[in-house]
Amino acid sequence: MCLGIPGRIVEILDEDLMLAKAEVGGVRRNINIGLVHYADERVEAGDWVLIHVGFAMSKLNEAEAHSTLQALEEIGEAYEQELEELRTSQIE
Amino acid sequence: MKYVDEFRNAEIARAVAAEIAALTDPHRHYKIMEVCGGHTHTIYRHGIKDLLPDQIELVHGPGCPVCVLPMGRVDEGIEIAERPEVIFTCFGDMMRVPGSKGNLLEVKAQGADIRMVYSPLDALRIARDNPDREVVFYAIGFETTAPSTALTLQRAKKEGIENISVFCNHVTIVPPVRALLDSPDLRLDAFIGPGHVSTVIGCRPYEFMPKDYGKPCVVAGFEPLDLLQSILMLMRQLDEGRCEVENQYGRVVLWEGNLQALKSMAEVFELRPYFEWRGLGFIAQSALKISPAYAAFDAELRYSTPGVRVADPKACQCGEVLKGVLKPHECRVFGTACTPDHPLGALMVSSEGACAAYYNFGRKSFQKVGARE
Ligand code: SF4
């Protein structure tokens, strides 16, 4: 649960509830963007974010997102487990 | 330097390792603590130790949230989970953490309604879907995870969802590090600061390390090359006689942290006067509890959690390993009575736990270097 996984915002669903749809590890899940979408901070479709337990923690540039993903794939088992747990997620 | 070829940027890694070696005083022993369990995992997974000169010792820190939970808190969670009206929700990491009478997985097999969730927002959804049940979320984690609990409760309040509460076991990273620095058991030279925790709290909270204790700290990303580069930055500081907080993970970590996360945490939590840590004992202001404004969501008030202290099994030496005084394999039950399949201590359960990381990846290099440790 301590892993942060890069995901790409597909669509902002609800600015009031701070919900967005993101593509993470090949699946689309809803995440909360309240920590990267406030005051002057903004995310939009196409942006990469680092996702931790269903919350975008920070914005990433594309190169950083790819290098993080590669590092996670090298980790193997712990990453697989995190993805498996993410697949069960149904945040509304 | 066997492992270096496995690095994606093997050439850079080799150059960094060479520079670290060049800065190493052959007559000095360096003890560098990696505070975060994610770093511990990377270090073993990628054999970072084998790229470093013998004089540099990496000491594992207390940054594994399930590992530092005292057994009493595990037991109290299990007691809440056993209540018939409760749907108990927690991260997968918690399921196999041993309490004094078993773990959550066993209690679930006996019929308790325990559900693994990926996010506290999933727990909130379960509460919304089950208005006639009481949903409890077992919150664990350092400042990386605490904002997600805070935002979830803010949303529960806004939506008027009343059948959810949080058993709050969030802890903070700075007080245990300070406790380690105050302890006479351990002499450390420098710190590798946690990456993801720092996205929330920023780098300023580490300034006490150079200021009050004269120890440099470099906040590090969690790729293998990040760790090597951070060690190099620390070695440069030590070599040049500098002592400050530096940020190697600037591409993700802002110096001032995430202001929105800090604001939500300040609203939903307050500091506990003290909290018990496995192996480290009671540490003042080292954990979070639900603030009065959110008291209605506090599982500790909804259910009685008397705060009973439960001693670890005698054979366990988790405390010493958490303090960095013993290496995992030096625990007397490591790999015998305690394995990932039959863990006695939480350090063998979580992938961030030093014992599990060492068991899965570290033993080979241990056999190679043998007595060096
Ligand atoms: S080997 Fe098991 S009992 Fe020993 S310190 Fe590690 S987790 Fe604890």
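None of these values were measured; they are calculated from a predicted model.
For Val197(B), no part lies under 4.5 angstrom from a heavy atom of chain A. With a threshold of 4.5 angstrom between heavy atoms, Leu19(A) approaches chain B through side-chain atoms but not through N, CA, C or O. If you measure heavy-atom distances from Ser148(B) to chain A, the contacts under 4.5 Å come from both the backbone and the side chain. For Lys263(B), no part lies near chain A; criterion is any non-hydrogen pair under 4.5 Å. In this structure, the portions of Leu259(B) lying under 4.5 Å from any heavy atom of chain A include both its backbone and its side chain. Proximity to chain B (any heavy atom under 4.5 Å) is restricted, for Ser58(A), to the side chain, taken from C-beta onward. Interface residue Leu60(A): only side-chain heavy atoms are found under 4.5 Å from chain B.
A ring pair (Phe, Tyr, Trp, His ring centres under 6.0 Å) with Phe88(B) holds for exactly one of Phe137(B), Phe167(B), Tyr138(B); it is Tyr138(B).
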Query raised in the report: Can you list the steps and then say if Phe222(B) with His39(B) is a ring pair (Phe, Tyr, Trp, His ring centres under 6.0 Å)?
Result: CA-CA 6 Å; Phe222(B) 78 110; His39(B) 284 157; 7.7 Å; no

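In this pair, His196(B) and Tyr249(B) present their aromatic rings tilted. The plane angle is within the 30 to 60° band.
Here Cys64(B) pairs with Cys67(B) under the disulfide bond (SG atoms under 2.5 Å apart) rule; sequence neighbours left out.
For the pair Lys49(B) and Tyr44(B), the cation does not sit on the ring face, since its NZ or CZ is not both under 6.0 Å from the ring centre and inside 45° of the axis.
Between Arg251(B) and Asp226(B) there is a salt bridge, with a side-chain nitrogen of the basic residue lying less than 4.0 Å from a carboxylate oxygen of the acidic one. A salt bridge is absent between Glu256(B) and Arg204(B): the closest approach of a Lys/Arg side-chain nitrogen to an acidic carboxylate oxygen does not fall below 4.0 angstrom.
Judged by distance alone, with hydrogens and angles left aside, the side-chain atoms of His52(A) form no donor-acceptor pair with the main-chain N or O of Gly4(A) at under 3.5 Å.
Once rounded to the nearest 0.5 Å, the distance linking CZ of Arg155(B) with CD of Glu159(B) reads 4.5 Å.
Contacts with chain B (heavy atom to heavy atom, under 4.5 Å) involve these residues of residues 30-43 of chain A, listed by number: Asn32(A), Gly34(A), Leu35(A), Tyr38(A).
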